[in-house]
Student: 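Before anything else, here's the structure in question.
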Protein chains: 2
Amino acid sequence: MLSHDHKKCINKSINLAHKIANSKAAKLTPQRLQVLRILLAGHKALGAYDILEIMREQQSEGQSRPQPPTVYRALEFLLNLNLIHKVESQNSYYACMIEKDVNEQHLAQAFICDNCGNVEEKIAETGARNLYEKADSFGFKIEHVIMECRGICASCQLV
Amino acid sequence: MLSHDHKKCINKSINLAHKIANSKAAKLTPQRLQVLRILLAGHKALGAYDILEIMREQQSEGQSRPQPPTVYRALEFLLNLNLIHKVESQNSYYACMIEKDVNEQHLAQAFICDNCGNVEEKIAETGARNLYEKADSFGFKIEHVIMECRGICASCQLV
DNA sequence: TATACAAATGTTATATTATAACATTGGGAA
DNA sequence: TTCCCAATGTTATAATATAACATTTGTATA
Ligand SMILES: [Zn+2]
Ligand SMILES: [Zn+2]
Ligand SMILES: [Zn+2]
Ligand SMILES: [Zn+2]
(Lines give C-alpha, C1' and ligand atoms only; values in the text may rest on other atoms or scores of the structure.)
(Ligands and ions follow the chains in the order given, each with its own letter.)
Protein backbone atom coordinates (compact mmCIF):
# COMPACT_ATOMS: atom_id res chain seq x y z
CA MET A 1 0.00 0.00 0.00
CA LEU A 2 3.00 2.30 -0.20
CA SER A 3 2.28 2.95 -3.84
CA HIS A 4 1.63 6.57 -3.04
CA ASP A 5 3.77 9.61 -2.27
CA HIS A 6 3.92 9.13 1.45
CA LYS A 7 5.74 12.37 2.27
CA LYS A 8 2.98 14.30 0.61
CA CYS A 9 0.47 12.11 2.38
CA ILE A 10 2.04 12.97 5.75
CA ASN A 11 2.22 16.69 5.03
CA LYS A 12 -1.38 16.79 3.95
CA SER A 13 -2.44 15.03 7.12
CA ILE A 14 -0.44 17.35 9.33
CA ASN A 15 -1.80 20.45 7.64
CA LEU A 16 -5.29 19.15 8.11
CA ALA A 17 -4.53 18.31 11.73
CA HIS A 18 -3.50 21.91 12.39
CA LYS A 19 -6.65 23.20 10.72
CA ILE A 20 -8.89 20.87 12.66
CA ALA A 21 -7.19 21.72 15.94
CA ASN A 22 -7.49 25.45 15.26
CA SER A 23 -11.12 25.15 14.34
CA LYS A 24 -11.81 23.61 17.73
CA ALA A 25 -9.49 25.84 19.70
CA ALA A 26 -7.53 22.75 20.61
CA LYS A 27 -3.77 22.93 20.94
CA LEU A 28 -1.74 20.60 18.80
CA THR A 29 1.31 20.78 21.05
CA PRO A 30 4.72 19.44 20.04
CA GLN A 31 4.17 16.30 22.07
CA ARG A 32 0.80 15.60 20.50
CA LEU A 33 2.22 16.31 17.08
CA GLN A 34 5.07 13.93 17.80
CA VAL A 35 2.63 11.10 18.49
CA LEU A 36 0.67 11.94 15.37
CA ARG A 37 3.86 11.93 13.32
CA ILE A 38 4.88 8.57 14.74
CA LEU A 39 1.58 7.10 13.64
CA LEU A 40 1.71 8.85 10.28
CA ALA A 41 5.15 7.39 9.58
CA GLY A 42 3.42 4.28 8.28
CA HIS A 43 -0.10 3.14 7.64
CA LYS A 44 0.23 0.70 10.49
CA ALA A 45 -1.48 0.47 13.83
CA LEU A 46 0.86 0.75 16.82
CA GLY A 47 0.31 -0.09 20.46
CA ALA A 48 0.62 2.64 23.07
CA TYR A 49 3.82 1.15 24.41
CA ASP A 50 5.30 0.87 20.91
CA ILE A 51 4.67 4.57 20.51
CA LEU A 52 6.19 5.22 23.92
CA GLU A 53 9.32 3.40 22.90
CA ILE A 54 9.64 5.45 19.72
CA MET A 55 9.13 8.65 21.70
CA ARG A 56 11.98 7.57 23.94
CA GLU A 57 14.20 6.85 20.96
CA GLN A 58 13.41 10.29 19.56
CA GLN A 59 14.03 11.92 22.92
CA SER A 60 16.55 14.74 22.73
CA GLU A 61 18.95 16.00 25.36
CA GLY A 62 17.41 17.64 28.38
CA GLN A 63 13.95 16.23 27.79
CA SER A 64 12.53 13.98 30.43
CA ARG A 65 11.91 10.32 29.66
CA PRO A 66 8.27 9.96 28.54
CA GLN A 67 5.96 7.82 30.67
CA PRO A 68 2.75 5.95 29.78
CA PRO A 69 0.36 8.76 30.75
CA THR A 70 2.12 11.00 28.28
CA VAL A 71 1.28 8.66 25.41
CA TYR A 72 -2.25 7.99 26.55
CA ARG A 73 -2.97 11.71 26.95
CA ALA A 74 -1.75 12.44 23.46
CA LEU A 75 -3.74 9.52 22.07
CA GLU A 76 -6.87 10.69 23.83
CA PHE A 77 -6.45 14.17 22.41
CA LEU A 78 -5.93 12.87 18.87
CA LEU A 79 -8.81 10.42 19.17
CA ASN A 80 -11.12 13.23 20.22
CA LEU A 81 -10.21 15.24 17.15
CA ASN A 82 -10.67 12.11 15.01
CA LEU A 83 -7.12 12.45 13.78
CA ILE A 84 -6.40 8.89 14.81
CA HIS A 85 -8.53 5.80 15.41
CA LYS A 86 -8.20 2.89 17.78
CA VAL A 87 -8.24 -0.70 16.59
CA GLU A 88 -10.30 -2.09 19.43
CA SER A 89 -9.60 -5.69 18.55
CA GLN A 90 -5.88 -5.25 19.06
CA ASN A 91 -5.48 -2.25 21.34
CA SER A 92 -3.59 -0.31 18.75
CA TYR A 93 -3.87 3.08 17.12
CA TYR A 94 -3.45 4.40 13.60
CA ALA A 95 -3.54 7.80 11.95
CA CYS A 96 -6.73 8.57 10.07
CA MET A 97 -6.09 8.32 6.35
CA ILE A 98 -9.32 9.77 5.04
CA GLU A 99 -9.06 12.97 3.03
CA LYS A 100 -11.68 15.07 4.67
CA ASP A 101 -12.72 18.62 5.34
CA VAL A 102 -12.41 20.31 8.69
CA ASN A 103 -15.59 19.44 10.61
CA GLU A 104 -16.41 16.57 8.31
CA GLN A 105 -17.42 13.47 10.21
CA HIS A 106 -16.74 9.99 8.96
CA LEU A 107 -17.51 6.52 10.10
CA ALA A 108 -14.35 4.51 9.64
CA GLN A 109 -14.02 0.92 8.55
CA ALA A 110 -10.55 -0.47 9.20
CA PHE A 111 -9.12 -3.38 7.24
CA ILE A 112 -6.18 -4.64 9.27
CA CYS A 113 -3.68 -7.08 7.80
CA ASP A 114 -2.72 -9.65 10.42
CA ASN A 115 0.42 -10.45 8.52
CA CYS A 116 2.07 -7.09 7.92
CA GLY A 117 0.05 -4.83 10.20
CA ASN A 118 -1.02 -2.42 7.50
CA VAL A 119 -4.34 -0.71 7.93
CA GLU A 120 -6.57 0.33 5.08
CA GLU A 121 -9.23 2.79 6.15
CA LYS A 122 -12.44 3.20 4.23
CA ILE A 123 -15.55 5.24 4.89
CA ALA A 124 -18.57 3.20 5.83
CA GLU A 125 -21.55 4.24 3.74
CA THR A 126 -24.06 1.52 3.01
CA GLY A 127 -22.86 -0.52 5.94
CA ALA A 128 -23.37 2.37 8.33
CA ARG A 129 -26.80 3.24 6.99
CA ASN A 130 -27.80 -0.35 7.52
CA LEU A 131 -26.61 -0.28 11.12
CA TYR A 132 -28.46 2.91 11.95
CA GLU A 133 -31.65 1.56 10.38
CA LYS A 134 -31.34 -1.64 12.34
CA ALA A 135 -30.74 0.29 15.55
CA ASP A 136 -33.78 2.46 14.85
CA SER A 137 -35.93 -0.61 14.42
CA PHE A 138 -35.61 -1.42 18.12
CA GLY A 139 -35.13 2.07 19.47
CA PHE A 140 -31.39 1.90 20.08
CA LYS A 141 -29.56 5.21 19.96
CA ILE A 142 -26.09 4.75 18.49
CA GLU A 143 -23.30 6.88 19.91
CA HIS A 144 -20.31 5.15 18.43
CA VAL A 145 -19.74 2.45 15.83
CA ILE A 146 -16.81 0.06 15.60
CA MET A 147 -16.23 -1.72 12.29
CA GLU A 148 -13.04 -3.69 11.91
CA CYS A 149 -12.01 -6.36 9.45
CA ARG A 150 -9.08 -8.52 10.34
CA GLY A 151 -7.53 -10.51 7.55
CA ILE A 152 -4.77 -10.59 4.95
CA CYS A 153 -4.03 -7.76 2.57
CA ALA A 154 -3.54 -8.18 -1.15
CA SER A 155 0.26 -8.00 -1.17
CA CYS A 156 0.61 -10.46 1.70
CA GLN A 157 -1.55 -12.97 -0.17
CA LEU A 158 0.99 -13.05 -2.98
CA VAL A 159 3.66 -14.48 -0.70
CA MET B 1 -35.14 -6.62 26.92
CA LEU B 2 -36.30 -9.16 29.48
CA SER B 3 -39.68 -9.29 27.83
CA HIS B 4 -39.03 -12.90 26.94
CA ASP B 5 -39.11 -16.20 28.82
CA HIS B 6 -35.51 -16.15 29.90
CA LYS B 7 -35.44 -19.63 31.46
CA LYS B 8 -36.56 -21.08 28.18
CA CYS B 9 -34.02 -18.88 26.44
CA ILE B 10 -31.24 -20.27 28.63
CA ASN B 11 -32.30 -23.88 28.20
CA LYS B 12 -32.49 -23.52 24.47
CA SER B 13 -29.00 -22.05 24.38
CA ILE B 14 -27.57 -24.78 26.56
CA ASN B 15 -29.13 -27.52 24.49
CA LEU B 16 -27.72 -25.96 21.38
CA ALA B 17 -24.34 -25.63 23.06
CA HIS B 18 -24.26 -29.37 23.78
CA LYS B 19 -25.23 -30.14 20.21
CA ILE B 20 -22.59 -27.85 18.75
CA ALA B 21 -19.91 -29.21 21.07
CA ASN B 22 -20.83 -32.81 20.18
CA SER B 23 -20.81 -32.07 16.49
CA LYS B 24 -17.23 -30.87 16.80
CA ALA B 25 -16.07 -33.53 19.23
CA ALA B 26 -15.42 -30.75 21.71
CA LYS B 27 -16.06 -31.32 25.38
CA LEU B 28 -18.41 -28.95 27.11
CA THR B 29 -16.99 -29.68 30.56
CA PRO B 30 -18.69 -28.56 33.81
CA GLN B 31 -16.32 -25.63 34.11
CA ARG B 32 -16.93 -24.45 30.58
CA LEU B 33 -20.64 -24.90 31.06
CA GLN B 34 -20.44 -22.89 34.25
CA VAL B 35 -18.92 -19.95 32.40
CA LEU B 36 -21.53 -20.23 29.67
CA ARG B 37 -24.28 -20.28 32.29
CA ILE B 38 -22.87 -17.23 34.00
CA LEU B 39 -22.99 -15.33 30.73
CA LEU B 40 -26.42 -16.69 29.86
CA ALA B 41 -27.81 -15.51 33.19
CA GLY B 42 -28.39 -12.12 31.61
CA HIS B 43 -28.04 -10.58 28.19
CA LYS B 44 -25.15 -8.54 29.47
CA ALA B 45 -21.49 -8.51 28.62
CA LEU B 46 -19.21 -9.36 31.53
CA GLY B 47 -15.48 -8.90 31.97
CA ALA B 48 -13.27 -11.92 32.55
CA TYR B 49 -12.64 -10.91 36.12
CA ASP B 50 -16.36 -10.36 36.75
CA ILE B 51 -16.89 -13.92 35.61
CA LEU B 52 -14.03 -15.09 37.79
CA GLU B 53 -15.63 -13.46 40.82
CA ILE B 54 -18.95 -15.16 40.12
CA MET B 55 -17.20 -18.52 39.71
CA ARG B 56 -15.64 -17.97 43.11
CA GLU B 57 -19.00 -17.14 44.65
CA GLN B 58 -20.46 -20.31 43.14
CA GLN B 59 -17.50 -22.35 44.31
CA SER B 60 -18.55 -25.35 46.37
CA GLU B 61 -16.69 -27.15 49.17
CA GLY B 62 -13.56 -28.98 48.18
CA GLN B 63 -13.16 -27.16 44.88
CA SER B 64 -10.08 -25.08 44.40
CA ARG B 65 -10.34 -21.32 44.06
CA PRO B 66 -10.49 -20.49 40.33
CA GLN B 67 -7.70 -18.40 38.86
CA PRO B 68 -7.58 -16.14 35.77
CA PRO B 69 -6.32 -18.82 33.34
CA THR B 70 -9.35 -20.91 34.21
CA VAL B 71 -11.69 -18.19 33.00
CA TYR B 72 -9.67 -17.32 29.93
CA ARG B 73 -9.45 -20.98 28.91
CA ALA B 74 -13.18 -21.43 29.17
CA LEU B 75 -13.77 -18.19 27.28
CA GLU B 76 -11.41 -19.26 24.52
CA PHE B 77 -13.20 -22.58 24.19
CA LEU B 78 -16.61 -20.93 24.01
CA LEU B 79 -15.41 -18.26 21.59
CA ASN B 80 -14.08 -20.95 19.26
CA LEU B 81 -17.45 -22.66 19.20
CA ASN B 82 -19.12 -19.30 18.62
CA LEU B 83 -21.20 -19.81 21.74
CA ILE B 84 -20.06 -16.48 23.08
CA HIS B 85 -18.70 -13.29 21.54
CA LYS B 86 -16.23 -10.71 22.75
CA VAL B 87 -17.06 -7.03 22.87
CA GLU B 88 -13.68 -5.79 21.73
CA SER B 89 -14.36 -2.19 22.61
CA GLN B 90 -14.85 -3.04 26.27
CA ASN B 91 -13.02 -6.30 26.83
CA SER B 92 -16.15 -8.11 27.81
CA TYR B 93 -17.94 -11.26 26.76
CA TYR B 94 -21.57 -12.19 26.18
CA ALA B 95 -23.45 -15.35 25.31
CA CYS B 96 -24.55 -15.60 21.71
CA MET B 97 -28.25 -14.99 21.48
CA ILE B 98 -28.88 -15.96 17.89
CA GLU B 99 -31.16 -18.92 17.30
CA LYS B 100 -29.13 -20.93 14.91
CA ASP B 101 -28.53 -24.44 13.64
CA VAL B 102 -25.53 -26.52 14.51
CA ASN B 103 -22.81 -25.59 11.97
CA GLU B 104 -24.60 -22.38 11.00
CA GLN B 105 -22.23 -19.44 10.82
CA HIS B 106 -23.30 -15.92 11.61
CA LEU B 107 -21.68 -12.53 11.56
CA ALA B 108 -22.74 -10.82 14.74
CA GLN B 109 -23.54 -7.16 15.24
CA ALA B 110 -23.65 -6.20 18.89
CA PHE B 111 -25.62 -3.22 20.17
CA ILE B 112 -24.27 -2.48 23.63
CA CYS B 113 -26.08 -0.13 25.99
CA ASP B 114 -23.56 2.00 27.82
CA ASN B 115 -26.11 2.75 30.50
CA CYS B 116 -27.39 -0.68 31.55
CA GLY B 117 -24.89 -2.98 29.88
CA ASN B 118 -27.45 -4.95 27.92
CA VAL B 119 -26.37 -6.38 24.62
CA GLU B 120 -28.67 -6.88 21.68
CA GLU B 121 -27.21 -9.17 19.07
CA LYS B 122 -28.31 -9.06 15.46
CA ILE B 123 -27.10 -10.86 12.39
CA ALA B 124 -25.26 -8.66 9.93
CA GLU B 125 -26.64 -9.16 6.44
CA THR B 126 -26.49 -6.14 4.18
CA GLY B 127 -23.76 -4.59 6.26
CA ALA B 128 -21.63 -7.67 6.00
CA ARG B 129 -22.14 -8.08 2.28
CA ASN B 130 -21.05 -4.50 1.85
CA LEU B 131 -17.88 -5.12 3.84
CA TYR B 132 -16.92 -8.20 1.87
CA GLU B 133 -17.53 -6.40 -1.42
CA LYS B 134 -15.41 -3.49 -0.30
CA ALA B 135 -12.65 -5.84 0.82
CA ASP B 136 -12.79 -7.64 -2.54
CA SER B 137 -12.39 -4.35 -4.35
CA PHE B 138 -8.82 -4.01 -3.08
CA GLY B 139 -7.97 -7.65 -2.69
CA PHE B 140 -8.27 -7.90 1.07
CA LYS B 141 -9.14 -11.33 2.41
CA ILE B 142 -11.37 -11.00 5.48
CA GLU B 143 -10.87 -13.54 8.26
CA HIS B 144 -12.88 -11.93 11.00
CA VAL B 145 -15.27 -9.01 11.26
CA ILE B 146 -16.00 -6.88 14.30
CA MET B 147 -19.17 -4.78 14.29
CA GLU B 148 -20.14 -3.10 17.51
CA CYS B 149 -22.51 -0.26 18.24
CA ARG B 150 -22.16 1.52 21.54
CA GLY B 151 -25.09 3.64 22.60
CA ILE B 152 -28.25 3.79 24.69
CA CYS B 153 -30.98 1.17 24.51
CA ALA B 154 -34.66 1.97 24.17
CA SER B 155 -35.62 1.44 27.79
CA CYS B 156 -32.71 3.50 29.11
CA GLN B 157 -33.76 6.40 26.88
CA LEU B 158 -37.09 6.59 28.69
CA VAL B 159 -35.41 7.45 31.98
C1' DT C 1 -5.20 -54.92 34.25
C1' DA C 2 -1.35 -52.07 33.58
C1' DT C 3 0.80 -48.48 30.86
C1' DA C 4 0.96 -44.58 28.34
C1' DC C 5 -0.72 -40.68 26.23
C1' DA C 6 -3.29 -36.44 25.61
C1' DA C 7 -6.63 -33.16 27.12
C1' DA C 8 -8.10 -30.57 30.85
C1' DT C 9 -7.24 -28.35 34.95
C1' DG C 10 -4.44 -26.36 38.76
C1' DT C 11 -0.87 -23.12 40.20
C1' DT C 12 2.45 -19.48 40.25
C1' DA C 13 4.29 -15.84 38.21
C1' DT C 14 4.42 -12.22 35.02
C1' DA C 15 3.34 -9.59 30.71
C1' DT C 16 0.49 -6.06 28.64
C1' DT C 17 -2.68 -2.26 28.54
C1' DA C 18 -4.46 1.69 30.92
C1' DT C 19 -5.52 5.02 34.60
C1' DA C 20 -5.44 7.40 39.33
C1' DA C 21 -3.51 10.83 41.93
C1' DC C 22 -0.79 14.43 42.89
C1' DA C 23 3.18 17.77 41.77
C1' DT C 24 5.15 21.09 38.61
C1' DT C 25 5.42 24.13 34.77
C1' DG C 26 4.27 27.75 31.69
C1' DG C 27 1.50 30.85 29.11
C1' DG C 28 -2.26 34.14 28.91
C1' DA C 29 -6.14 37.08 31.25
C1' DA C 30 -7.24 40.40 34.57
C1' DT D 1 2.27 41.18 38.77
C1' DT D 2 -0.95 37.78 40.25
C1' DC D 3 -3.95 34.35 39.33
C1' DC D 4 -5.71 30.69 36.83
C1' DC D 5 -5.86 26.79 34.04
C1' DA D 6 -4.29 23.71 30.67
C1' DA D 7 -0.47 20.85 29.82
C1' DT D 8 3.06 18.07 31.36
C1' DG D 9 5.81 15.38 34.71
C1' DT D 10 6.03 11.70 38.12
C1' DT D 11 4.92 7.78 40.89
C1' DA D 12 2.17 4.22 41.77
C1' DT D 13 -1.23 0.95 40.72
C1' DA D 14 -5.42 -0.98 38.40
C1' DA D 15 -7.30 -3.98 34.85
C1' DT D 16 -6.73 -7.34 31.31
C1' DA D 17 -4.37 -11.36 29.62
C1' DT D 18 -0.87 -15.03 29.05
C1' DA D 19 3.47 -17.97 29.92
C1' DA D 20 5.20 -21.84 31.97
C1' DC D 21 5.11 -25.77 34.39
C1' DA D 22 2.78 -29.30 37.60
C1' DT D 23 -1.01 -32.36 38.39
C1' DT D 24 -5.12 -34.81 37.41
C1' DT D 25 -8.24 -37.46 34.68
C1' DG D 26 -10.15 -40.04 31.20
C1' DT D 27 -9.39 -43.37 27.83
C1' DA D 28 -6.96 -46.06 24.30
C1' DT D 29 -4.38 -50.00 23.70
C1' DA D 30 -0.79 -53.41 24.68
ZN1 LIG E 1 -10.51 8.15 9.77
ZN1 LIG F 1 -0.33 -7.11 4.53
ZN1 LIG G 1 -23.86 -14.80 18.03
ZN1 LIG H 1 -30.08 -0.19 28.40
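Per chain, numbering begins at 1; letters A, B, ... match sequence-line order. These values consider heavy atoms only, across backbone and side chains, with no hydrogens, waters or symmetry-generated copies.
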Student: So, using side chain to side chain contact (heavy atoms under 4.5 Å, CB included) as the criterion, who are the partners of B:Arg37 when residues are at least two apart?
Tutor: B:Ile10, B:Ile14, B:Leu33
Student: Taking salt bridge (charged side-chain N to carboxylate O under 4.0 Å, His left out) as the cut-off, I'd like each qualifying pair that reaches into residues 80-98 of chain B, sequence neighbours left out, listed once.
Tutor: B:Lys86-B:Glu88
Student: Could you tell me if the side chain of A:Phe77 sits less than 4.5 Å from the side chain of A:Thr29, heavy atoms only?
Tutor: no
Student: Can you check each nucleotide of nucleotides 23-30 of chain C against protein heavy atoms at under 4.0 Å and return B for base, S for sugar-phosphate only, - for none, in 5' to 3' order?
Tutor: --------
Student: So where does chain A start and stop touching DNA chain D, 5' to 3', when the test is distance under 4.0 Å to a non-hydrogen atom?
Tutor: D:dA7 to D:dT11
Student: Could you tell me if A:Thr70 and A:Gln67 have a donor-acceptor pair between their side chains, going purely by distance under 3.5 Å?
Tutor: no
Student: Just to verify, what does A:Ser92 make a side-chain hydrogen bond (donor to acceptor under 3.5 Å, both in side chains) with, not counting sequence neighbours?
Tutor: A:Gln90
Student: Restricting to side-chain hydrogen bond (donor to acceptor under 3.5 Å, both in side chains), what partner residues turn up for A:Glu121, sequence neighbours left out?
Tutor: A:His85, A:His106
Student: With sequence neighbours left out, what residues match A:Ser13 under side chain to side chain contact (heavy atoms under 4.5 Å, CB included)?
Tutor: A:Leu40
Student: Run the ring pair (Phe, Tyr, Trp, His ring centres under 6.0 Å) test against B:Tyr93 and tell me which residues pass, sequence neighbours left out.
Tutor: none
Student: Report the relative orientation of the aromatic rings in B:His6 and B:His4; use parallel for angles under 30°, tilted for 30 to 60°, perpendicular for over 60°.
Tutor: perpendicular
Student: Please list all pairs passing the salt bridge (charged side-chain N to carboxylate O under 4.0 Å, His left out) test where one or both residues lie in residues 9-29 of chain A, with sequence neighbours left out.
Tutor: A:Lys12-A:Glu99
Student: Taking atom NZ of A:Lys141 as the centre, report whether more than 12 heavy atoms of other residues, nucleotides or ligands fall under 6.0 Å from it.
Tutor: no
Student: Kindly give the atom pairs (protein nitrogen or oxygen, nucleotide nitrogen or oxygen) under 3.5 Å for nucleotides 5-7 of chain C.
Tutor:
none

Student: Which letter, B, S or -, goes with each nucleotide of nucleotides 13-19 of chain C from 5' to 3', with contact meaning a protein heavy atom under 4.0 Å?
Tutor: ----BBB
Student: Whole-Å distance between C:dA8 C1' and B:Gln34 CD?
Tutor: 15 Å
Student: Listed by chain and number, what are the side-chain hydrogen bond (donor to acceptor under 3.5 Å, both in side chains) partners of B:Lys134, not counting sequence neighbours?
Tutor: A:Gln109
